[in-house]
There are 2 protein chains.
Amino acid sequence: MEKKDAIDALAALAQPTRLEAFRLLVKQEPDGLPAGEIARRLDVPHNTMSTHLAILTRAGLVSAQRHSRSMIYRAELGLVRQLVLFMLKDCCNGQPDLCAPLIEDIMTSCSPSRSCCG
Amino acid sequence: MEKKDAIDALAALAQPTRLEAFRLLVKQEPDGLPAGEIARRLDVPHNTMSTHLAILTRAGLVSAQRHSRSMIYRAELGLVRQLVLFMLKDCCNGQPDLCAPLIEDIMTSCSPSRSCCG
DNA sequence: ATAACGTGTCGATAATTCCCGACATATGGA
DNA sequence: TCCATATGTCGGGAATTATCGACACGTTAT
């Protein structure tokens, strides 16, 4: 992932409505949600939400697919993975000992046997 | 981590100079760098950099400590960990099967035996 | 005390982002 | 065809953010 792509993704998530929309779509994986339903659930005008969804799409964090009249949006977890790797890149390339405990902690917190991220 | 804290951290990183400064500090762990040196290396006026460092500090991504005339800035990897957990929270709480491969991939990419994040 | 150095703060301008009403486009049903 | 539904686009005003010169503060050396 290039620096510019990371900036785009970070900026896309650094806005309350967009962060909420993205997290909602993560919860809905792998089914996704239509644009209007997202707007309704977050209580945001449809055109405002449309703009936000376009920004998330340009950043690669979500994708859309037509389904009859609706646009079904889905979270792109692959890009989250790339973004996380980008943020960790400098310590795990240069200083694995700094990064290892961090990774281990994340893995532990997110293992299926635990409720995580408390 | 609260939503507001995540937004602050994401917004802090969603700016080229600040992202570069943060990554520079990650590379310099655990020694850190004085403010002026960061400004010099990234070729940014000292007062502009001072503002950016203040934003990173408020977001908790870096910390500063006086050392004679200099302010030594250091990356706070703990907050990166929290931010990553926050972003993964919804899939690993609700759908561990979605999150597990993602985590495994990150762990593999960042293991000491590999150069990662290609 | 005076000067030099390293940083931070203030203020003003420029640039960007956010929001939403109004309008446009696309699809499906009557 | 005509209408309702679902979504996207445009325009412009409000709010936020970025930048940097000028100045202030604290620290060290002479």
Side-chain angles (χ1 to χ4, degrees), chain A residues 3-25 28 31-76, chain B residues 3-25 28 31-76:
Chain A
K3 178 182 167 185
K4 183 188 173 308
D5 301 318
I7 298 263
D8 286 347
L10 291 165
L13 293 175
Q15 202 281 337
T17 301
R18 288 197 297 266
L19 180 59
E20 219 49 56
F22 178 72
R23 299 186 75 202
L24 176 58
L25 289 176
Q28 299 300 320
D31 298 336
L33 274 183
E37 180 67 19
I38 301 172
R40 225 168 294 119
R41 292 206 197 182
L42 302 187
D43 196 26
V44 170
H46 83 275
N47 59 344
T48 299
M49 182 55 76
S50 180
T51 302
H52 285 314
L53 288 171
I55 291 171
L56 286 168
T57 302
R58 251 189 320 238
L61 286 161
V62 306
S63 62
Q65 188 184 359
R66 255 222 123 77
H67 195 268
S68 173
R69 275 182 286 207
S70 298
M71 292 292 286
I72 308 295
Y73 282 85
R74 287 192 48 191
E76 290 288 335
Chain B
K3 178 182 168 185
K4 183 187 175 307
D5 301 319
I7 298 264
D8 286 347
L10 291 165
L13 292 175
Q15 202 282 337
T17 302
R18 289 197 296 265
L19 181 59
E20 221 47 58
F22 178 73
R23 297 184 75 202
L24 176 58
L25 289 176
Q28 298 300 320
D31 298 335
L33 275 182
E37 179 67 18
I38 301 172
R40 225 168 293 121
R41 293 206 195 182
L42 302 187
D43 196 27
V44 170
H46 82 275
N47 58 346
T48 298
M49 183 55 76
S50 180
T51 302
H52 285 314
L53 288 172
I55 290 171
L56 286 169
T57 302
R58 243 176 321 188
L61 287 161
V62 306
S63 62
Q65 189 182 358
R66 254 221 125 77
H67 195 268
S68 171
R69 273 182 289 206
S70 299
M71 292 293 284
I72 308 295
Y73 281 86
R74 287 193 48 190
E76 289 288 337

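Here is how names work: the chains are called A, B, and so on, in the same order as the sequence lines, proteins then strands, and each is numbered from 1. Small disclaimer: the values here were computed from a predicted structure and weren't measured.
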task: Without swapping roles, check the side chain of B:R66 against the backbone of B:S68 for a donor-acceptor pair under 3.5 Å.
output: yes

message: So, does B:R69 get its side chain near the phosphate of D:dA29, meaning an N or O under 4.0 Å from OP1 or OP2?
response: no

query: Can you tell me if B:R58 uses its side chain to pair, donor with acceptor, with the backbone of B:G60 under 3.5 Å?
result: no

- prompt: Stepwise, does the side chain to side chain contact (heavy atoms under 4.5 Å, CB included) test hold for A:Q15 with B:L10?
  reply: CA-CA 9 Å; A:Q15 202 281 337; B:L10 291 165; over 6 Å; no

- prompt: Can you tell me how far C1' of C:dT7 sits from OH of B:Y73, to the nearest Å?
  reply: 8 Å

field: Gap between atoms CD and P, on B:Q15 and D:dC20 respectively (whole Å)
entry: 11 Å

field: Protein-nucleotide distance (A:L33, atom CG; D:dA6, atom C1'), rounded to Å
entry: 14 Å

Comparing B:M71 and A:V44 on DNA chain C - which has the more 5′ nearest nucleotide: B:M71

field: Presence of A:T48 side-chain N/O under 4.0 Å of C:dC19 phosphate oxygens OP1/OP2
entry: no

Side chain of B:N47 - closest among C:dT9, C:dG8, D:dT9: C:dT9

field: Position toward the 5' end of DNA chain D (nearest nucleotide), B:H67 or A:G36
entry: A:G36

task: Give the rounded distance in Å between these two atoms: CD1 of B:I38 and C1' of C:dG6.
output: 13 Å

message: Could you tell me how far apart A:D43 (CG) and C:dC19 (C1') are, to the nearest whole angstrom?
response: 14 Å

- prompt: B:Q65 CD to D:dG26 C1': how many Å, rounded?
  reply: 17 Å

- prompt: Of the nucleotides C:dC18, D:dA4, D:dT19, which has the atom closest to the B:H52 side chain?
  reply: D:dT19

- prompt: Which listed nucleotide (D:dA18, D:dT19, D:dA6) is nearest to the side chain of B:T51?
  reply: D:dT19

field: Rounded distance (Å) that lies between atom C1' of D:dT9 and atom CZ of A:R58
entry: 12 Å

- request: Keeping the roles fixed (side chain from A:T51, backbone from A:N47), state whether a donor-acceptor pair exists under 3.5 Å.
  value: yes

task: Would you indicate what B:R18 reaches in the nucleic acid, counting non-hydrogen atoms under 4.0 angstrom: base, sugar-phosphate, or nothing?
output: sugar-phosphate

query: Is there a donor-acceptor pair under 3.5 Å between the side chain of B:Q28 and the backbone N or O of B:D31?
result: no

- prompt: Between C:dT25 atom P and A:H46 atom NE2, what is the distance in whole Å?
  reply: 15 Å

task: Would you mind telling me which residue lines up with the more 5' stretch of DNA chain D, A:S50 or B:A11, judged by nearest nucleotide?
output: A:S50

message: Would you say A:S68 places a side-chain N or O within less than 4.0 Å of OP1 or OP2 belonging to C:dG28?
response: yes

